[in-house]
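Right, one structure below, let's go through it.
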Amino acid sequence: MLPLYNGIPTFAFTPMTYIKSPVSWLRAISDLGATNSSGPVFAYDYCIKRVTDQQLDGLDLSRWRSAGISAERVHDRTLRAFAHRFGPVGFHAEAFCPGYGLAENTLMATARPHGEAVRVLPPEAVPGSTSSTKWPLVSSGAPVGTRVLVVDPSTRRICPPGAVGEVWLSGPSVALGYWNRPAETEETFAAKPAGPAEDEAARFLRTGDLGMMRDGELFITGRLKELIIVQGANHYPEDLERTVHDTSPVFAGLRGAAFAADDDAVERLVVVHEVNRAKLADEVVAEIALTVRQAVTERNGIDLSELVLVPRGSIPKTTSGKVQRRICQAQWADGSLKVIGSWPGGKPRQADRQPHQRVSGRAADAAQLRKWLVRRVAAMSGLGVDQIDPAQPFARYGMSSVGVSQVAGELEAFLGRTVQVSAFFEHPTVDALVRHLTGSSPAVAATTATHAPQSAPAAAVRAEWSRRPSSGWGYDCRVGCPGRPASGGCCAMVRTLSPMCRRTAGEWQTTTTPIRRPRAGRSAGGAVSLPT
(Lines give C-alpha, C1' and ligand atoms only; values in the text may rest on other atoms or scores of the structure.)
Protein backbone atom coordinates (compact mmCIF):
# COMPACT_ATOMS: atom_id res chain seq x y z
CA MET A 1 0.00 0.00 0.00
CA LEU A 2 2.97 2.35 0.50
CA PRO A 3 3.51 3.08 -3.22
CA LEU A 4 -0.24 3.61 -3.61
CA TYR A 5 -0.38 5.99 -0.65
CA ASN A 6 2.71 7.98 -1.67
CA GLY A 7 1.95 8.03 -5.40
CA ILE A 8 5.20 6.27 -6.33
CA PRO A 9 5.14 4.74 -9.83
CA THR A 10 5.76 1.03 -9.58
CA PHE A 11 6.05 -1.98 -11.88
CA ALA A 12 4.24 -5.18 -10.91
CA PHE A 13 5.54 -8.68 -11.48
CA THR A 14 3.45 -11.78 -10.93
CA PRO A 15 5.43 -14.79 -9.69
CA MET A 16 4.52 -16.68 -12.88
CA THR A 17 6.04 -13.94 -15.03
CA TYR A 18 9.25 -14.13 -13.06
CA ILE A 19 9.49 -17.94 -13.11
CA LYS A 20 8.90 -17.87 -16.86
CA SER A 21 11.68 -15.37 -17.46
CA PRO A 22 13.77 -14.38 -14.41
CA VAL A 23 15.87 -11.96 -16.45
CA SER A 24 12.73 -9.89 -17.10
CA TRP A 25 12.89 -8.67 -13.47
CA LEU A 26 16.47 -7.48 -13.90
CA ARG A 27 15.74 -6.04 -17.33
CA ALA A 28 12.87 -3.96 -15.94
CA ILE A 29 15.15 -2.62 -13.20
CA SER A 30 17.78 -1.82 -15.82
CA ASP A 31 15.52 -0.29 -18.50
CA LEU A 32 13.42 1.76 -16.07
CA GLY A 33 16.24 2.90 -13.82
CA ALA A 34 14.56 1.44 -10.73
CA THR A 35 16.29 2.29 -7.46
CA ASN A 36 14.22 0.13 -5.11
CA SER A 37 13.27 -3.48 -5.78
CA SER A 38 12.68 -6.39 -3.43
CA GLY A 39 12.04 -10.11 -3.62
CA PRO A 40 12.23 -13.32 -1.62
CA VAL A 41 15.50 -15.21 -1.24
CA PHE A 42 14.26 -17.58 -3.93
CA ALA A 43 14.17 -14.73 -6.48
CA TYR A 44 17.87 -14.03 -6.07
CA ASP A 45 18.83 -17.71 -6.09
CA TYR A 46 16.72 -18.28 -9.20
CA CYS A 47 18.46 -15.44 -11.06
CA ILE A 48 21.85 -16.88 -10.16
CA LYS A 49 20.87 -20.25 -11.65
CA ARG A 50 18.79 -19.24 -14.66
CA VAL A 51 20.13 -15.97 -16.13
CA THR A 52 22.62 -16.77 -18.90
CA ASP A 53 25.78 -14.93 -19.91
CA GLN A 54 24.07 -13.78 -23.10
CA GLN A 55 21.19 -12.29 -21.11
CA LEU A 56 23.64 -10.13 -19.15
CA ASP A 57 24.34 -8.10 -22.29
CA GLY A 58 22.78 -4.64 -22.03
CA LEU A 59 21.86 -4.90 -18.33
CA ASP A 60 22.73 -1.93 -16.10
CA LEU A 61 21.96 -2.47 -12.40
CA SER A 62 24.09 0.42 -11.15
CA ARG A 63 21.05 2.51 -10.13
CA TRP A 64 19.59 -0.28 -7.96
CA ARG A 65 20.22 1.21 -4.50
CA SER A 66 17.97 -0.89 -2.28
CA ALA A 67 17.66 -4.62 -2.94
CA GLY A 68 15.28 -5.97 -0.30
CA ILE A 69 15.64 -9.67 0.44
CA SER A 70 13.61 -11.70 2.92
CA ALA A 71 10.71 -14.25 3.04
CA GLU A 72 13.01 -16.92 4.47
CA ARG A 73 16.35 -17.19 6.23
CA VAL A 74 18.91 -15.22 4.22
CA HIS A 75 22.16 -17.05 3.50
CA ASP A 76 25.49 -15.29 3.11
CA ARG A 77 26.21 -17.56 0.16
CA THR A 78 23.21 -16.14 -1.74
CA LEU A 79 24.38 -12.56 -1.20
CA ARG A 80 27.92 -13.31 -2.30
CA ALA A 81 26.88 -15.36 -5.33
CA PHE A 82 24.40 -12.74 -6.57
CA ALA A 83 26.90 -9.90 -6.13
CA HIS A 84 29.56 -11.92 -7.96
CA ARG A 85 27.24 -12.87 -10.80
CA PHE A 86 25.75 -9.42 -11.41
CA GLY A 87 28.56 -7.17 -10.21
CA PRO A 88 29.94 -6.93 -13.78
CA VAL A 89 26.66 -5.28 -14.87
CA GLY A 90 26.68 -2.69 -12.10
CA PHE A 91 25.09 -4.34 -9.07
CA HIS A 92 26.61 -3.23 -5.76
CA ALA A 93 26.66 -5.59 -2.78
CA GLU A 94 25.98 -2.58 -0.54
CA ALA A 95 22.48 -2.42 -2.03
CA PHE A 96 21.36 -5.58 -0.20
CA CYS A 97 18.76 -4.87 2.49
CA PRO A 98 17.92 -8.09 4.36
CA GLY A 99 14.80 -7.90 6.49
CA TYR A 100 12.51 -9.95 8.68
CA GLY A 101 8.76 -9.94 8.97
CA LEU A 102 5.63 -12.02 8.84
CA ALA A 103 2.00 -11.63 7.88
CA GLU A 104 0.87 -11.51 11.52
CA ASN A 105 2.93 -8.33 11.94
CA THR A 106 1.67 -6.82 8.66
CA LEU A 107 5.00 -7.88 7.18
CA MET A 108 8.09 -5.84 8.11
CA ALA A 109 9.48 -6.07 11.64
CA THR A 110 13.19 -5.41 11.09
CA ALA A 111 15.29 -4.17 8.19
CA ARG A 112 18.80 -3.05 7.41
CA PRO A 113 18.98 0.71 6.92
CA HIS A 114 19.91 1.83 3.43
CA GLY A 115 23.60 2.53 2.99
CA GLU A 116 24.86 0.33 5.84
CA ALA A 117 26.90 -2.81 5.25
CA VAL A 118 25.21 -6.16 5.85
CA ARG A 119 26.50 -7.76 9.04
CA VAL A 120 27.43 -11.45 8.86
CA LEU A 121 28.42 -13.50 11.92
CA PRO A 122 30.47 -16.70 11.73
CA PRO A 123 28.82 -19.81 13.20
CA GLU A 124 31.17 -19.83 16.19
CA ALA A 125 29.82 -16.42 17.25
CA VAL A 126 26.52 -18.08 18.17
CA PRO A 127 26.29 -19.37 21.77
CA GLY A 128 26.44 -23.16 21.80
CA SER A 129 27.51 -23.23 18.16
CA THR A 130 28.73 -26.81 18.52
CA SER A 131 25.07 -27.84 18.62
CA SER A 132 23.37 -25.11 16.64
CA THR A 133 23.80 -23.40 13.32
CA LYS A 134 26.75 -24.39 11.14
CA TRP A 135 26.38 -21.57 8.63
CA PRO A 136 27.17 -17.85 8.81
CA LEU A 137 24.27 -15.75 10.11
CA VAL A 138 23.09 -12.73 8.13
CA SER A 139 21.63 -9.81 10.06
CA SER A 140 17.98 -8.99 9.41
CA GLY A 141 18.56 -5.41 10.55
CA ALA A 142 17.16 -3.31 13.39
CA PRO A 143 13.51 -3.09 14.52
CA VAL A 144 11.29 -0.84 12.42
CA GLY A 145 8.36 0.52 14.45
CA THR A 146 8.18 -2.77 16.34
CA ARG A 147 9.44 -3.89 19.74
CA VAL A 148 11.49 -7.06 19.38
CA LEU A 149 12.26 -9.42 22.26
CA VAL A 150 14.19 -12.67 22.28
CA VAL A 151 12.62 -14.94 24.89
CA ASP A 152 13.53 -18.32 26.34
CA PRO A 153 10.54 -20.40 25.12
CA SER A 154 10.59 -22.71 28.16
CA THR A 155 10.91 -20.11 30.96
CA ARG A 156 9.46 -17.13 29.04
CA ARG A 157 12.26 -14.97 30.42
CA ILE A 158 13.89 -12.35 28.21
CA CYS A 159 17.25 -13.54 26.87
CA PRO A 160 20.34 -11.34 27.21
CA PRO A 161 21.87 -9.94 24.02
CA GLY A 162 23.67 -12.66 22.06
CA ALA A 163 21.59 -15.52 23.46
CA VAL A 164 19.30 -17.55 21.18
CA GLY A 165 15.57 -17.69 21.94
CA GLU A 166 12.15 -17.27 20.36
CA VAL A 167 11.48 -13.94 18.63
CA TRP A 168 8.52 -12.03 20.10
CA LEU A 169 7.03 -8.87 18.58
CA SER A 170 4.83 -6.07 19.89
CA GLY A 171 3.63 -2.87 18.27
CA PRO A 172 0.88 -1.19 16.26
CA SER A 173 1.51 -3.39 13.22
CA VAL A 174 0.76 -6.64 15.05
CA ALA A 175 -2.60 -8.10 14.05
CA LEU A 176 -5.35 -8.67 16.61
CA GLY A 177 -5.46 -12.41 15.99
CA TYR A 178 -6.65 -15.18 13.70
CA TRP A 179 -10.19 -14.92 12.37
CA ASN A 180 -12.56 -17.15 14.37
CA ARG A 181 -9.68 -19.05 16.01
CA PRO A 182 -9.71 -17.81 19.64
CA ALA A 183 -7.50 -20.55 21.10
CA GLU A 184 -4.72 -20.02 18.56
CA THR A 185 -5.09 -16.26 18.92
CA GLU A 186 -4.61 -16.43 22.69
CA GLU A 187 -1.58 -18.70 22.35
CA THR A 188 0.10 -16.72 19.56
CA PHE A 189 -0.89 -13.07 20.05
CA ALA A 190 -1.24 -12.70 23.84
CA ALA A 191 2.16 -13.79 25.13
CA LYS A 192 3.76 -12.01 28.09
CA PRO A 193 7.35 -12.46 29.27
CA ALA A 194 7.96 -13.70 32.80
CA GLY A 195 9.31 -11.36 35.46
CA PRO A 196 8.87 -7.60 35.81
CA ALA A 197 7.80 -5.89 32.59
CA GLU A 198 8.23 -2.33 31.45
CA ASP A 199 4.67 -2.31 30.18
CA GLU A 200 2.25 -4.64 31.95
CA ALA A 201 -0.38 -4.11 29.22
CA ALA A 202 1.94 -5.12 26.39
CA ARG A 203 0.97 -8.30 24.54
CA PHE A 204 3.48 -10.02 22.29
CA LEU A 205 3.24 -12.06 19.12
CA ARG A 206 5.08 -15.38 19.34
CA THR A 207 6.65 -15.84 15.90
CA GLY A 208 7.89 -19.42 16.31
CA ASP A 209 11.24 -18.26 14.92
CA LEU A 210 14.53 -18.60 16.77
CA GLY A 211 16.99 -15.75 16.75
CA MET A 212 19.21 -13.49 18.79
CA MET A 213 19.76 -9.76 19.20
CA ARG A 214 23.30 -8.47 18.85
CA ASP A 215 24.23 -4.79 18.87
CA GLY A 216 20.61 -3.90 18.25
CA GLU A 217 20.20 -6.15 15.19
CA LEU A 218 18.22 -9.36 14.79
CA PHE A 219 19.81 -12.58 13.55
CA ILE A 220 17.43 -15.43 12.66
CA THR A 221 18.86 -18.88 13.42
CA GLY A 222 15.95 -21.21 12.63
CA ARG A 223 12.46 -22.34 13.63
CA LEU A 224 11.56 -23.26 17.20
CA LYS A 225 9.04 -26.00 16.45
CA GLU A 226 11.25 -27.66 13.82
CA LEU A 227 14.34 -27.83 15.98
CA ILE A 228 15.86 -31.33 15.92
CA ILE A 229 17.10 -32.62 19.28
CA VAL A 230 19.09 -35.84 19.16
CA GLN A 231 21.16 -37.10 22.06
CA GLY A 232 20.70 -33.80 23.87
CA ALA A 233 22.12 -31.69 21.04
CA ASN A 234 20.13 -29.14 19.07
CA HIS A 235 20.29 -29.09 15.27
CA TYR A 236 18.62 -26.78 12.80
CA PRO A 237 16.97 -28.63 9.89
CA GLU A 238 18.08 -25.93 7.43
CA ASP A 239 21.73 -26.75 8.20
CA LEU A 240 21.24 -30.49 7.77
CA GLU A 241 19.33 -29.99 4.52
CA ARG A 242 22.09 -27.76 3.16
CA THR A 243 24.69 -30.38 4.05
CA VAL A 244 22.76 -33.14 2.28
CA HIS A 245 22.09 -30.94 -0.75
CA ASP A 246 25.80 -30.27 -1.24
CA THR A 247 26.87 -33.93 -1.20
CA SER A 248 25.70 -35.15 -4.61
CA PRO A 249 24.72 -33.82 -8.05
CA VAL A 250 21.44 -35.74 -7.83
CA PHE A 251 20.26 -33.17 -5.26
CA ALA A 252 21.28 -30.09 -7.28
CA GLY A 253 18.69 -27.31 -7.13
CA LEU A 254 16.15 -29.49 -5.31
CA ARG A 255 14.67 -29.47 -1.82
CA GLY A 256 15.00 -31.62 1.26
CA ALA A 257 13.27 -31.95 4.62
CA ALA A 258 15.08 -33.00 7.78
CA PHE A 259 13.18 -34.01 10.91
CA ALA A 260 13.50 -36.13 14.02
CA ALA A 261 11.59 -39.41 14.24
CA ASP A 262 10.61 -40.44 17.75
CA ASP A 263 11.09 -44.20 18.13
CA ASP A 264 10.60 -45.55 21.68
CA ALA A 265 11.37 -42.12 23.15
CA VAL A 266 14.65 -42.00 21.18
CA GLU A 267 14.84 -39.37 18.47
CA ARG A 268 16.72 -40.16 15.27
CA LEU A 269 17.45 -38.12 12.16
CA VAL A 270 15.49 -38.73 8.98
CA VAL A 271 16.10 -36.77 5.77
CA VAL A 272 13.72 -36.83 2.82
CA HIS A 273 15.24 -35.30 -0.32
CA GLU A 274 14.17 -34.81 -3.92
CA VAL A 275 16.46 -36.15 -6.64
CA ASN A 276 16.78 -35.38 -10.34
CA ARG A 277 16.51 -39.01 -11.32
CA ALA A 278 13.54 -41.23 -12.09
CA LYS A 279 15.26 -44.40 -10.99
CA LEU A 280 18.21 -45.33 -8.83
CA ALA A 281 19.61 -48.81 -8.34
CA ASP A 282 19.91 -50.17 -4.81
CA GLU A 283 23.68 -49.90 -4.89
CA VAL A 284 23.55 -46.30 -6.08
CA VAL A 285 21.13 -45.38 -3.28
CA ALA A 286 23.43 -47.04 -0.77
CA GLU A 287 26.48 -45.16 -2.08
CA ILE A 288 24.62 -41.82 -1.95
CA ALA A 289 23.44 -42.57 1.58
CA LEU A 290 26.93 -43.41 2.79
CA THR A 291 28.30 -40.18 1.30
CA VAL A 292 25.51 -38.17 2.94
CA ARG A 293 25.98 -39.94 6.25
CA GLN A 294 29.66 -39.13 6.26
CA ALA A 295 29.07 -35.45 5.45
CA VAL A 296 26.36 -35.06 8.10
CA THR A 297 28.52 -36.74 10.71
CA GLU A 298 31.58 -34.61 9.88
CA ARG A 299 29.84 -31.28 9.44
CA ASN A 300 26.92 -31.47 11.87
CA GLY A 301 28.00 -34.03 14.41
CA ILE A 302 24.90 -36.21 14.14
CA ASP A 303 24.33 -39.68 12.72
CA LEU A 304 21.92 -40.10 9.82
CA SER A 305 19.39 -42.85 10.54
CA GLU A 306 17.35 -42.83 7.36
CA LEU A 307 17.55 -41.24 3.91
CA VAL A 308 14.49 -41.24 1.67
CA LEU A 309 14.81 -40.20 -1.98
CA VAL A 310 11.68 -38.86 -3.71
CA PRO A 311 10.90 -37.41 -7.16
CA ARG A 312 11.33 -33.75 -7.99
CA GLY A 313 8.45 -31.65 -6.64
CA SER A 314 7.32 -34.23 -4.08
CA ILE A 315 8.23 -32.34 -0.90
CA PRO A 316 5.30 -30.16 0.20
CA LYS A 317 5.88 -26.41 0.18
CA THR A 318 3.93 -23.28 1.09
CA THR A 319 2.86 -20.83 -1.62
CA SER A 320 5.99 -18.80 -0.88
CA GLY A 321 8.26 -21.82 -1.38
CA LYS A 322 9.07 -22.79 2.21
CA VAL A 323 9.46 -26.49 2.94
CA GLN A 324 6.61 -27.85 5.08
CA ARG A 325 8.63 -30.27 7.20
CA ARG A 326 5.82 -31.36 9.48
CA ILE A 327 3.60 -32.31 6.54
CA CYS A 328 6.51 -34.13 4.94
CA GLN A 329 7.12 -36.01 8.18
CA ALA A 330 3.44 -37.01 8.34
CA GLN A 331 3.60 -38.30 4.76
CA TRP A 332 6.74 -40.25 5.60
CA ALA A 333 5.08 -41.72 8.68
CA ASP A 334 1.90 -42.83 6.90
CA GLY A 335 3.74 -44.16 3.85
CA SER A 336 2.17 -41.77 1.34
CA LEU A 337 5.49 -40.49 -0.05
CA LYS A 338 6.38 -41.65 -3.57
CA VAL A 339 9.77 -43.17 -2.83
CA ILE A 340 12.45 -43.71 -5.48
CA GLY A 341 14.88 -45.25 -3.03
CA SER A 342 15.55 -45.40 0.68
CA TRP A 343 18.34 -46.32 3.02
CA PRO A 344 18.67 -48.46 5.00
CA GLY A 345 16.51 -51.10 3.30
CA GLY A 346 13.67 -50.08 1.05
CA LYS A 347 13.37 -50.68 -2.65
CA PRO A 348 13.72 -48.14 -5.44
CA ARG A 349 10.76 -47.35 -7.61
CA GLN A 350 10.55 -49.38 -10.81
CA ALA A 351 10.63 -46.35 -13.04
CA ASP A 352 12.87 -45.72 -15.99
CA ARG A 353 13.73 -42.55 -17.79
CA GLN A 354 15.36 -42.22 -21.16
CA PRO A 355 17.98 -39.48 -21.44
CA HIS A 356 16.30 -36.31 -22.66
CA GLN A 357 17.85 -33.70 -24.87
CA ARG A 358 16.72 -30.12 -25.23
CA VAL A 359 15.65 -29.34 -28.80
CA SER A 360 16.34 -25.88 -30.20
CA GLY A 361 14.86 -24.14 -33.18
CA ARG A 362 12.34 -21.50 -34.19
CA ALA A 363 9.75 -23.69 -35.79
CA ALA A 364 8.33 -27.12 -35.09
CA ASP A 365 5.66 -29.33 -36.52
CA ALA A 366 3.18 -31.18 -34.33
CA ALA A 367 5.39 -34.27 -33.95
CA GLN A 368 8.46 -32.25 -32.96
CA LEU A 369 6.49 -30.17 -30.50
CA ARG A 370 4.83 -33.21 -28.94
CA LYS A 371 8.20 -34.91 -28.50
CA TRP A 372 9.70 -31.78 -26.93
CA LEU A 373 6.80 -31.34 -24.50
CA VAL A 374 6.78 -34.99 -23.44
CA ARG A 375 10.49 -34.84 -22.67
CA ARG A 376 10.11 -31.62 -20.68
CA VAL A 377 7.18 -33.01 -18.68
CA ALA A 378 9.20 -36.14 -17.99
CA ALA A 379 12.19 -34.10 -16.87
CA MET A 380 10.08 -31.84 -14.64
CA SER A 381 8.23 -34.76 -13.03
CA GLY A 382 11.18 -37.09 -12.66
CA LEU A 383 9.47 -39.78 -14.70
CA GLY A 384 10.51 -41.69 -17.79
CA VAL A 385 9.45 -40.49 -21.23
CA ASP A 386 7.50 -43.70 -21.68
CA GLN A 387 5.53 -42.90 -18.52
CA ILE A 388 4.10 -39.65 -19.90
CA ASP A 389 0.68 -39.98 -21.53
CA PRO A 390 0.11 -36.97 -23.86
CA ALA A 391 -3.63 -37.27 -23.26
CA GLN A 392 -3.35 -36.92 -19.45
CA PRO A 393 -3.44 -33.54 -17.66
CA PHE A 394 -0.18 -31.83 -16.71
CA ALA A 395 -1.39 -31.89 -13.11
CA ARG A 396 -1.18 -35.68 -13.17
CA TYR A 397 2.59 -35.34 -13.38
CA GLY A 398 2.88 -32.83 -10.53
CA MET A 399 3.43 -29.75 -12.67
CA SER A 400 2.47 -26.80 -10.49
CA SER A 401 2.15 -23.22 -11.67
CA VAL A 402 5.87 -22.75 -11.08
CA GLY A 403 6.76 -25.71 -13.29
CA VAL A 404 4.29 -24.65 -15.95
CA SER A 405 5.73 -21.13 -15.97
CA GLN A 406 9.26 -22.47 -16.35
CA VAL A 407 8.29 -24.75 -19.24
CA ALA A 408 6.37 -21.91 -20.90
CA GLY A 409 9.51 -19.78 -20.87
CA GLU A 410 11.57 -22.61 -22.37
CA LEU A 411 8.87 -23.24 -24.97
CA GLU A 412 9.03 -19.59 -26.05
CA ALA A 413 12.73 -20.01 -26.81
CA PHE A 414 12.04 -23.24 -28.69
CA LEU A 415 9.25 -21.81 -30.85
CA GLY A 416 10.56 -18.27 -31.17
CA ARG A 417 7.24 -16.71 -30.19
CA THR A 418 5.26 -15.79 -27.11
CA VAL A 419 3.51 -18.57 -25.21
CA GLN A 420 1.03 -17.48 -22.57
CA VAL A 421 1.15 -19.43 -19.30
CA SER A 422 -2.65 -19.50 -19.38
CA ALA A 423 -2.45 -21.74 -22.47
CA PHE A 424 -1.22 -24.59 -20.26
CA PHE A 425 -4.35 -24.30 -18.12
CA GLU A 426 -6.79 -23.76 -21.00
CA HIS A 427 -5.24 -26.69 -22.93
CA PRO A 428 -4.09 -28.87 -20.01
CA THR A 429 -2.61 -31.88 -21.84
CA VAL A 430 0.31 -32.31 -24.21
CA ASP A 431 -2.00 -33.23 -27.08
CA ALA A 432 -4.35 -30.31 -26.45
CA LEU A 433 -1.50 -27.82 -26.17
CA VAL A 434 0.10 -29.11 -29.37
CA ARG A 435 -3.17 -28.67 -31.26
CA HIS A 436 -3.49 -25.15 -29.88
CA LEU A 437 0.06 -24.09 -30.70
CA THR A 438 0.09 -25.60 -34.20
CA GLY A 439 -3.14 -23.87 -35.17
CA SER A 440 -5.41 -26.90 -35.22
CA SER A 441 -7.56 -25.47 -32.42
CA PRO A 442 -9.28 -22.06 -32.18
CA ALA A 443 -7.92 -18.94 -30.48
CA VAL A 444 -4.32 -19.57 -31.47
CA ALA A 445 -3.68 -16.04 -32.67
CA ALA A 446 -3.09 -14.63 -29.22
CA THR A 447 -0.30 -17.12 -28.65
CA THR A 448 1.51 -16.70 -31.93
CA ALA A 449 2.23 -12.97 -31.92
CA THR A 450 5.96 -12.52 -32.32
CA HIS A 451 7.73 -9.92 -30.22
CA ALA A 452 10.39 -9.68 -27.54
CA PRO A 453 8.32 -10.40 -24.43
CA GLN A 454 10.93 -9.16 -21.99
CA SER A 455 11.14 -5.67 -23.47
CA ALA A 456 7.40 -5.11 -23.89
CA PRO A 457 6.67 -4.05 -20.29
CA ALA A 458 9.43 -1.45 -20.36
CA ALA A 459 8.16 0.03 -23.63
CA ALA A 460 4.58 0.13 -22.35
CA VAL A 461 5.35 2.12 -19.23
CA ARG A 462 8.37 4.21 -20.15
CA ALA A 463 6.28 7.32 -20.80
CA GLU A 464 4.68 7.10 -17.35
CA TRP A 465 7.90 6.38 -15.44
CA SER A 466 9.06 8.94 -12.92
CA ARG A 467 12.38 9.87 -11.43
CA ARG A 468 12.60 7.20 -8.70
CA PRO A 469 10.71 4.09 -9.79
CA SER A 470 10.49 0.83 -7.90
CA SER A 471 10.19 -2.75 -9.02
CA GLY A 472 9.26 -5.95 -7.22
CA TRP A 473 6.80 -8.76 -6.63
CA GLY A 474 3.01 -8.41 -6.72
CA TYR A 475 -0.27 -8.96 -8.45
CA ASP A 476 -2.20 -6.57 -10.69
CA CYS A 477 -4.60 -4.58 -8.53
CA ARG A 478 -7.96 -4.29 -10.31
CA VAL A 479 -10.89 -2.91 -8.39
CA GLY A 480 -14.15 -3.98 -9.99
CA CYS A 481 -17.02 -1.52 -9.47
CA PRO A 482 -20.34 -1.62 -11.35
CA GLY A 483 -21.20 1.94 -10.35
CA ARG A 484 -19.95 5.27 -11.61
CA PRO A 485 -16.75 6.84 -10.22
CA ALA A 486 -18.77 9.60 -8.61
CA SER A 487 -20.85 7.08 -6.68
CA GLY A 488 -18.18 6.65 -3.99
CA GLY A 489 -17.20 3.26 -2.61
CA CYS A 490 -14.13 1.51 -3.94
CA CYS A 491 -13.73 3.80 -6.95
CA ALA A 492 -13.71 6.89 -4.78
CA MET A 493 -11.17 5.30 -2.47
CA VAL A 494 -8.83 4.44 -5.34
CA ARG A 495 -9.14 7.91 -6.86
CA THR A 496 -8.48 9.53 -3.48
CA LEU A 497 -5.41 7.47 -2.68
CA SER A 498 -3.81 7.70 -6.10
CA PRO A 499 -4.26 10.05 -9.07
CA MET A 500 -2.70 7.42 -11.31
CA CYS A 501 -5.69 5.28 -12.22
CA ARG A 502 -7.61 4.54 -15.37
CA ARG A 503 -10.84 2.81 -16.24
CA THR A 504 -10.69 -0.29 -18.46
CA ALA A 505 -13.72 -2.42 -19.35
CA GLY A 506 -15.70 -1.15 -16.39
CA GLU A 507 -12.83 -1.41 -13.93
CA TRP A 508 -10.57 1.16 -12.37
CA GLN A 509 -6.96 0.01 -12.57
CA THR A 510 -4.26 1.78 -10.61
CA THR A 511 -0.63 1.96 -11.68
CA THR A 512 0.46 0.68 -8.28
CA THR A 513 -0.39 -2.57 -6.54
CA PRO A 514 -0.11 -4.00 -3.03
CA ILE A 515 2.54 -6.61 -2.51
CA ARG A 516 1.79 -10.29 -2.97
CA ARG A 517 1.50 -11.59 0.58
CA PRO A 518 2.58 -15.14 1.42
CA ARG A 519 0.93 -17.42 3.92
CA ALA A 520 1.62 -16.82 7.60
CA GLY A 521 5.37 -16.78 7.86
CA ARG A 522 8.13 -14.63 6.51
CA SER A 523 7.65 -11.39 4.68
CA ALA A 524 7.77 -11.29 0.89
CA GLY A 525 9.30 -7.81 1.16
CA GLY A 526 9.31 -4.72 -1.05
CA ALA A 527 7.25 -2.45 -3.25
CA VAL A 528 5.64 -3.50 -6.53
CA SER A 529 4.86 -1.62 -9.67
CA LEU A 530 3.06 -0.67 -12.89
CA PRO A 531 0.73 -3.52 -13.91
CA THR A 532 0.18 -3.52 -17.64
- request: Would you check, one step at a time, whether the test side-chain contact (heavy atoms from CB on, under 4.5 Å) holds for Leu121 with Met212?
  value: CA-CA 11 Å; Leu121 297 180; Met212 69 176 187; 3.4 Å; yes

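- The minimum heavy-atom distance linking Ile19 with Gln406 is given by the pair CG2-N, 3.6 Å.
- Side chains of Leu149 and Pro193 form a contact here, defined as non-hydrogen atoms less than 4.5 Å apart.
- Checked by atom type and distance alone, the side chain of Arg255 never pairs as donor or acceptor with a backbone atom of Lys317 at under 3.5 Å.
- For the pair Ile69/Phe82, no side-chain contact is recorded, criterion being any heavy-atom separation below 4.5 Å from C-beta on.
- Using a 4.5 Å cut-off on side-chain heavy atoms (C-beta onward), Tyr178 and Glu104 make contact.
- Rounded to the nearest 0.5 Å, atoms CZ (Arg27) and CG (Leu32) are 12.0 Å apart.
- Using a distance-only test at 3.5 Å, with no hydrogens or angles considered, a donor-acceptor pair links the side chain of His245 to the main chain of Gly253.
- Between the side chain of Asn105 and the main chain of Met108, a donor-acceptor pair closer than 3.5 Å is present.
- In this structure, Gly216 and Pro143 approach most closely via the heavy-atom pair O-CD, 3.6 Å.
- Asp334 places a side-chain N or O within donor-acceptor distance of the main-chain N or O of Ser336, the cut-off being under 3.5 Å.
- In this structure, CG in Leu61 is found 9.0 Å from NE2 in His92, a value given to the nearest 0.5 Å.
- Residues Val292 and Phe251 meet the side-chain proximity criterion, which asks for heavy atoms closer than 4.5 Å.
- Ring-plane geometry between Tyr46 and Tyr18 is classed as tilted, the angle between the planes lying from 30 to 60 degrees on a 0 to 90 degree scale.
- Under the 3.5 Å distance criterion, the side-chain polar atoms of Arg312 are left unmatched by any main-chain donor or acceptor of Glu274.
- Side chain of Trp64 to backbone of Ser66: a donor-acceptor contact under 3.5 angstrom is found.
- Under the 3.5 Å distance criterion, the side-chain polar atoms of Glu217 are left unmatched by any main-chain donor or acceptor of Thr110.
- Looking at His235, its side chain never comes within 3.5 Å of a backbone N or O of Ile228 through a donor-acceptor pair.
- Closest of all the heavy-atom pairs between Leu269 and Asp303 is CB-O, 3.7 Å.
- Atom CZ of residue Phe42 and atom SG of residue Cys47 lie 9.5 Å apart, to the nearest 0.5 angstrom.
- Looking at heavy atoms from C-beta onward, Glu166 lies out of side-chain contact with Phe204 at the 4.5 angstrom threshold.
- To the nearest 0.5 Å, the span separating CD1 on Ile220 from CG on Leu137 amounts to 9.5 Å.
- Ser62 contributes atom OG, which lies 15.0 Å from atom CZ of Phe86 (distance to the nearest 0.5 angstrom).
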- Message: With side-chain contact (heavy atoms from CB on, under 4.5 Å) as the criterion, how do Val89 and Asp60 come out once you've worked through the C-alpha distance, each side chain's angles and the decisive distance to 0.1 Å?
- Response: CA-CA 5 Å; Val89 293; Asp60 178 8; over 6 Å; no

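- Counting heavy atoms from C-beta outward, Leu56 and Arg85 have side chains that approach closer than 4.5 Å.
- Remark: the Asp45 side chain and the Thr78 side chain contain an N/O donor-acceptor pair separated by less than 3.5 Å.
- The backbone N or O of Ser173 sits less than 3.5 Å from a side-chain atom of Thr106, completing a donor-acceptor pair.
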> Does the pair Val167 and Tyr100 meet the rule for a side-chain contact (heavy atoms from CB on, under 4.5 Å), with working shown?
Replying inline: CA-CA 11 Å; Val167 179; Tyr100 169 77; 4.2 Å; yes

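- Heavy atoms only, all atoms of each residue included: Val421 and Ala408 are closest at CG2-CB, 4.1 Å.
- Taking the side chain as every heavy atom from C-beta outward, Leu205 and Thr188 approach each other to under 4.5 Å.
- The CG atom of Asp152 sits 11.5 Å away from the CD1 atom of Ile158 when rounded to the nearest 0.5 Å.
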Check the pair Arg299, Asp246 against side-chain contact (heavy atoms from CB on, under 4.5 Å), reporting the backbone distance first and the verdict last.
CA-CA 11 Å; Arg299 184 175 295 179; Asp246 291 346; 4.0 Å; yes

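- Of all heavy-atom pairs spanning Pro237 and Arg325, the tightest one is CB-NE, 3.4 Å.
- Scanning all heavy atoms of the two residues, the minimum distance from Ile48 to Ala81 falls at CD1-CB, 3.7 Å.
- Between the side chain of Ser170 and the backbone N or O of Arg203 there is at least one donor-acceptor pair closer than 3.5 Å.
- Side-chain atoms of Phe219 and Val164, non-hydrogen and from C-beta on, never get closer than 4.5 Å to each other.
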